[in-house]
*Asks:* 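Can you read through this structure? Questions will come right after.
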Amino acid sequence: QEQLMESGGGSVQAGGSLRLSCEASSVTLYSTLCMAWFRQAPGRTREEVAHIYRQQNMGFYADSAKGRFTISKDTAKTTLYLQMDTLKPEDTAMYYCAALRAVYCDGGTWYYSTFGIWGQGTQVTVSS
């Protein structure tokens, strides 16, 4: 019955790669205009990593992720991805996917938290 479900997390050495996946039902995926990845490290507030407009497949990234992470969506399989390369210990966090119906997808954490649909999260741990 879960509408969003993350997978692909794990433990890697610094410099390694992981690809996170977020499976969504067809109804959820196609009824929302925005999908995003967030992360939250212990003692830190939840922050957006990247978001994407489903109609354009245009990704937007936080400075911390720019150049290393790539967000994409497979509409046929109703799956959102986050390819993470050149991982750093500071990337260690619980990663969540979220979906939002909105005109704009850059509203940030508050808008997704208030109006969005969230997955349960997948843990990413990067060691030195």
Side-chain angles (χ1 to χ4, degrees):
Q1 302 298 317
E2 189 69 36
Q3 295 187 73
L4 297 175
M5 183 175 293
E6 301 94 337
S7 63
S11 299
V12 297
Q13 293 279 314
S17 298
L18 286 173
R19 188 181 75 163
L20 306 184
S21 298
C22 176
E23 298 289 337
S25 68
S26 296
V27 173
T28 299
L29 182 62
Y30 293 112
S31 65
T32 59
L33 301 177
C34 315
M35 296 195 75
W37 286 98
F38 292 79
R39 69 185 182 187
Q40 187 168 17
R44 303 285 300 277
T45 57
R46 188 169 297 186
E47 62 179 355
E48 182 185 317
V49 177
H51 66 260
I52 189 168
Y53 290 79
R54 71 169 183 84
Q55 295 174 305
Q56 300 181 19
N57 285 329
M58 181 181 295
F60 297 86
Y61 303 90
D63 288 340
S64 61
K66 194 175 301 180
R68 299 187 299 120
F69 293 3
T70 303
I71 186 172
S72 62
K73 184 169 67 175
D74 183 337
T75 56
K77 297 183 178 180
T78 65
T79 305
L80 180 73
Y81 301 99
L82 183 67
Q83 177 67 43
M84 305 186 295
D85 297 318
T86 319
L87 284 162
K88 305 174 181 179
E90 64 198 65
D91 295 318
T92 296
M94 183 73 75
Y95 283 72
Y96 303 88
C97 67
L100 176 71
R101 182 176 181 178
V103 177
Y104 301 102
C105 303
D106 59 350
T109 302
W110 188 90
Y111 290 92
Y112 281 87
S113 296
T114 302
F115 304 108
I117 300 171
W118 292 80
Q120 294 294 310
T122 184
Q123 179 68 40
V124 171
T125 302
V126 185
S127 60
S128 300

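In this text, all values refer to a predicted model and were calculated from it rather than measured experimentally.
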*Asks:* On a heavy-atom basis, which atom in Asp85 and which in Ser17 lie closest, and how many Å separate them?
*Replies:* OD1-OG, 2.8 Å
*Asks:* Could you tell me which non-hydrogen atom of Gly119 sits nearest to which non-hydrogen atom of Tyr96, and how far apart they are?
*Replies:* O-CD2, 3.7 Å
*Asks:* Enumerate the side-chain hydrogen bond (donor to acceptor under 3.5 Å, both in side chains) contacts for residues 36-46, please, sequence neighbours excluded, ordered by first and then second residue.
*Replies:* Arg39-Glu47, Arg39-Ser64, Arg39-Asp91, Arg39-Tyr95, Gln40-Arg46
*Asks:* What's the separation between atom OH in Tyr81 and atom CG in Leu20, rounded to the nearest 0.5 Å?
*Replies:* 12.0 Å
*Asks:* Supply the atom-to-atom distance Tyr53 OH to Lys73 NZ, rounded to the nearest 0.5 angstrom.
*Replies:*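 Rounded to the nearest 0.5 Å, the OH-NZ separation comes to 12.0 Å.
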*Asks:* Leu4 vs Met35, test: side chain to side chain contact (heavy atoms under 4.5 Å, CB included). Steps then yes/no.
*Replies:* CA-CA 11 Å; Leu4 297 175; Met35 296 195 75; 4.1 Å; yes
*Asks:* Roughly how far, to the nearest 0.5 Å, is OG1 of Thr79 from CE of Met5?
*Replies:*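 The OG1 atom of Thr79 is 12.0 Å from CE of Met5, to the nearest 0.5 Å.
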*Asks:* Measuring from atom CG of Leu87 to atom CZ of Phe69, what distance do you get when rounded to the nearest 0.5 angstrom?
*Replies:* 5.5 Å
*Asks:* If we only count heavy atoms from C-beta on, is the Trp118 to Leu100 side-chain gap below 4.5 Å?
*Replies:* no
*Asks:* For residues 6-13, tabulate all N or O donor-acceptor pairs below 3.5 Å that involve a side-chain atom, not counting sequence neighbours.
*Replies:*
from: Glu6; atom 1: OE1; to: Gln120; atom 2: N; distance (Å): 2.9
from: Glu6; atom 1: OE1; to: Gly121; atom 2: N; distance (Å): 2.8
from: Glu6; atom 1: OE2; to: Cys97; atom 2: N; distance (Å): 2.8
from: Glu6; atom 1: OE2; to: Gly121; atom 2: N; distance (Å): 3.3
from: Gln13; atom 1: NE2; to: Ser127; atom 2: OG; distance (Å): 3.1

*Asks:* Supply the atom-to-atom distance Arg68 CZ to Gln83 CD, rounded to the nearest 0.5 angstrom.
*Replies:* 12.0 Å
*Asks:* side-chain hydrogen bond (donor to acceptor under 3.5 Å, both in side chains): which pairs involve residues 104-117, sequence neighbours left out?
*Replies:* none
*Asks:* Looking only at non-hydrogen atoms, find the nearest pair between Leu33 and Cys105 and report the distance.
*Replies:* O-SG, 3.7 Å
*Asks:* Rounded to the nearest 0.5 Å, how far apart are CG of Leu80 and OG of Ser72?
*Replies:*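 Here the interatomic distance stands at 7.0 Å.
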*Asks:* What are the two closest non-hydrogen atoms of Ala14 and Pro89, and how far apart are they?
*Replies:*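 For Ala14 and Pro89, the tightest heavy-atom pair comes out as CB-CD, 4.1 Å.
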